[in-house]
Amino acid sequence: MTSSPMWLRARVTEVRRATPHGRVLALQVDRWPGNLAGQHVDVRLTAEDGYQAVRSYSLASSGGGDVLELAVDEVPDGEVSPYLVEDVRPGDELEVRGPIGAYFVWTPEQPEPVQLIAGGSGIVPLLAMAREHARSASTAPMRLLYAVRSADDAFYSAELDGLADAALTVDWAYSRTAPVGFPRPAGRVDAATIAAGTLPVSLQPSVYVCGPTGFVEAVADLLVAAGHSPDRIRTERFGGA
């Protein structure tokens, strides 16, 4: 699926609250070429005075069709995310360009085990992979470790619970407040979390890590320290506003 270098008109068809500070958007895009699980788009907003702001957002959707799904976490004082989370309504129009990225993708043709590790809204491209994994009935073992501040901050929690089956294992880590009775105390992802919540090194999984820059770098270092080959670790960082 090739990238379109052109800006395409996108009409907002659905918005729904996902977390206290996050929203899921559905966009209908004419001439959309389709995308692979893990790719992203550029979103452009244009003000009445002509000022433009562009930010990149991962896609929770993949495959063909002309409807894209984004999940946006609001960044305080940001230029784009506050509008997408608080103001945009069905019928509004944006511009998108993509799909972008060939490195941070997963396809059902990959036979090796897959470890997904997300921090916060970094779940978005990994959800696309989990959805594609289920849709294709892939038999490749897939495991997801999702780190969030609290249960209320998790995107797609109900859907992730539904995707968990014999081929997909979902593990949770909470950095600030853990649910009552949760076996792991609240805290940052550490070596013990990696050991307990990821596929063993002996399986040589492909690992995909997405989240804030500090989270991604810390997790990548922990994975290498645990024995994973750097060549098998793919990372995607975000920090756009």
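Any value given below was found using the heavy atoms of this structure, including those in side chains, with hydrogens, waters and symmetry copies removed.
- Of all heavy-atom pairs spanning Gln39 and Val105, the tightest one is CG-CG1, 3.6 Å.
- Rounded to the nearest 0.5 Å, atoms CD1 (Ile123) and CG (Leu160) are 5.0 Å apart.
- A 6.0 Å sphere centred on CZ of Arg135 holds more than 12 heavy atoms belonging to other residues, nucleotides or ligands.
- Checking Arg188 against Thr193 by side-chain atom types alone, no donor-acceptor pair falls below 3.5 Å.
- Considering CZ of Phe215 and OG1 of Thr235, their distance stands at 11.5 Å, rounded to 0.5 Å.
- Leu199 and Ile194 end up in different hydrophobic clusters when Ile, Leu, Val, Met, Phe, Trp and Tyr side chains are linked at under 4.5 Å.
- Using the six-membered ring where Trp is involved, Trp172 and Tyr146 have ring planes that are tilted, between 30° and 60° apart.
- For the residue pair Ser206 and Glu112, a side-chain donor N or O sits within less than 3.5 Å of a side-chain acceptor on the partner.
- Heavy-atom minimum distance, Leu84 versus Tyr57: CD1-CE1, 3.8 Å.
- No side-chain donor-acceptor contact under 3.5 Å links Asn35 and His40.
- Both tests hold for Arg234 against Tyr103: distance to the six-membered ring centre under 6.0 Å, angle to the ring axis within 45°.
- Summarising the geometry of Val85 relative to Asp73, their closest heavy-atom pair is CG2-C, 4.3 Å, with the distance given to 0.1 Å.
- Checked by atom type, the side-chain pair Arg44/Thr46 shows no donor-acceptor distance below 3.5 Å.
- There is no side-chain donor-acceptor pair under 3.5 Å between Glu74 and Tyr83.
- Paired with Gln28 under the rule side-chain hydrogen bond (donor to acceptor under 3.5 Å, both in side chains), one option of Arg11, Arg9, Glu14 passes, and it is Arg11.
- Looking at every heavy atom in both residues, Ser58 comes nearest to Val124 through O-CG1, 3.4 Å.
- Across all their heavy atoms, Ala140 and Pro111 have their closest contact at CB-O, 3.7 Å.
- Once rounded to the nearest 0.5 Å, the distance linking CH2 of Trp106 with CD of Glu132 reads 6.5 Å.
- Ring pair Tyr208/Phe104 is perpendicular by interplanar angle, where above 60° counts as perpendicular and below 30° as parallel.
- Proximity of a side-chain donor or acceptor of Ser175 to a complementary backbone N or O of Gly187 within less than 3.5 Å is not detected.
- Separating the NE2 atom in His133 from the CG atom in Leu127 is a distance of 13.5 Å, to the nearest 0.5 Å.
- Under a 3.5 Å cut-off, the side chain of Ser61 and the backbone N or O of Glu69 do form a donor-acceptor pair.
- Using modelled atom types and a 3.5 Å distance limit, the side chains of Asp42 and Ser56 yield a donor-acceptor pair.
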Decide salt bridge (Lys or Arg N to Asp or Glu O under 4.0 Å) for Glu86 and Arg23; before the verdict, give the C-alpha distance in whole Å, the side-chain angles of both, and the deciding distance to 0.1 Å.
-> CA-CA 8 Å; Glu86 301 296 342; Arg23 214 178 195 192; over 6 Å; no
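- In terms of modelled atom types and a separation under 3.5 Å, the side chain of Thr13 and the main chain of Ala26 share a donor-acceptor contact.
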